[in-house]
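As C-alpha cells, the structure follows; a few thoughts come after it.
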Amino acid sequence: MLIDILTIFPDIFSKALDQSLLGKAKEKKLIGVRIINIRDFAEDKHHTVDDTPFGGGGGMVMKLEPLCRALDSLWKDEESPQTSMILTTPRGERFSQEKAKELSLKERLIIICGHYKGTDERLKMLYPVEEISIGDYVLTGGELPALVIIDAVVRLIPGVLGDFESAQTDSFFEGILGPPEYTRPAEFRGLKVPEVLLSGDHERIKKWRRKEALKKTLHKRPDLLNWERLSDEEREWIKEIEKERG
Ligand code: ADE
C-alpha cells in the first residue's frame, strides 16, 4: 500500500511512522509512505496556506490553491476503486474498525490533514475526498487523526502483524469488545489468572473468551451488541449475565 500524507507539519510523521509495527511494515516494504508539505506548493513569499473566511467570523480556512497543486503533483485523475482520498476533519464520518478494514484493502491512500477552522468546501467538488473524523472532539489539527487512521489500517494488512489471530480477537473485530487477557506470572500479589486459561482445553478457552467478551461489551458498550448476530447459546449467556447483575 502506498500512503501519501499531505500536511503542513511534516515533522510530526517522520518519527511516528518509523516506530513499532508501522516502522516494520515500512522496512518489509508492505507499505510505502510519502510525506508532502503543502507549504512547498504555496507560490507566495510567505508560503501561505490559509486565509480568512468569506462572510466573516473568526478563524482561518485552508486555501485551495496550494492544496490542489500538491494533490495534482501526485494524483493524475486516476479515480480508481483501489485509491481512497481522505480529509481528516471533525466534520467527517466517524472512523471505525469497519472503515479501517475497508481501507486496508486499498492499494493507495491519500490523506490530507485538515487544519484551522476548516478546508475550503470546494475541495470536495474537485477531488473524490472522503471526510473522516476520529471522534466527537476537536484536536488542534488533522495530523494525529491521520496517524490514528494509518495505524488502525496498516496493522490489518496481511503480513504486518506477526500473529494474524491477534487481529481477529481484537476489540471490535467482530463488532464487540475483546476479552480480558493475562500473562505470566499465573499468580501476582495473590491474584490468580482464571483457571480455564491454564487448562490447555482450547474449546473451553474459546468459549470462555467469547463469554467474557460479551460480558465486557454488555457492561461497557451495550450499544455495540447486535442481537441478530448472536447464537442461541450466546443469547442465553447474555440473559444469565443480566440476571447476575440483577
Ligand atoms: N481535526 C481536528 N479534530 C479532528 C477529529 N476529531 N477528527 C479528525 N480530524 C480532526
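Heads up: numbering here begins at 1 and tracks the sequence. Since the structure is predicted, the reported quantities are computational estimates derived from the model, not experimental observations. Indexing begins at 1, ligand by ligand and atom by atom, following the structure's order.
In summary, Glu131 and Lys124 engage in a salt bridge, as defined by a charged side-chain N under 4.0 Å from a carboxylate O.
With sequence neighbours excluded, the residues that form a side chain to side chain contact (heavy atoms under 4.5 Å, CB included) with Glu242 are Leu218, Ile238. Contacts of Asp120 classified as salt bridge (Lys or Arg N to Asp or Glu O under 4.0 Å), with partners at least two apart in sequence or in another chain: Arg122.
Lys28 places a side-chain N or O within donor-acceptor distance of the main-chain N or O of Gly159, the cut-off being under 3.5 Å. Between the side chain of Lys239 and the backbone N or O of Arg235 there is no donor-acceptor pair closer than 3.5 Å.
Protein neighbours of ligand 1 below 4.0 Å, counting non-hydrogen atoms: Thr88, Thr89, Pro90, Ile132, Ser133, Ile134, Gly135, Tyr137, Val138, Leu139, Gly141, Pro145.
Identified under the ring-ring contact (aromatic ring centres under 6.0 Å, His included) test for residues 96-144, with sequence neighbours left out: Phe9-His115, Trp75-Tyr127.
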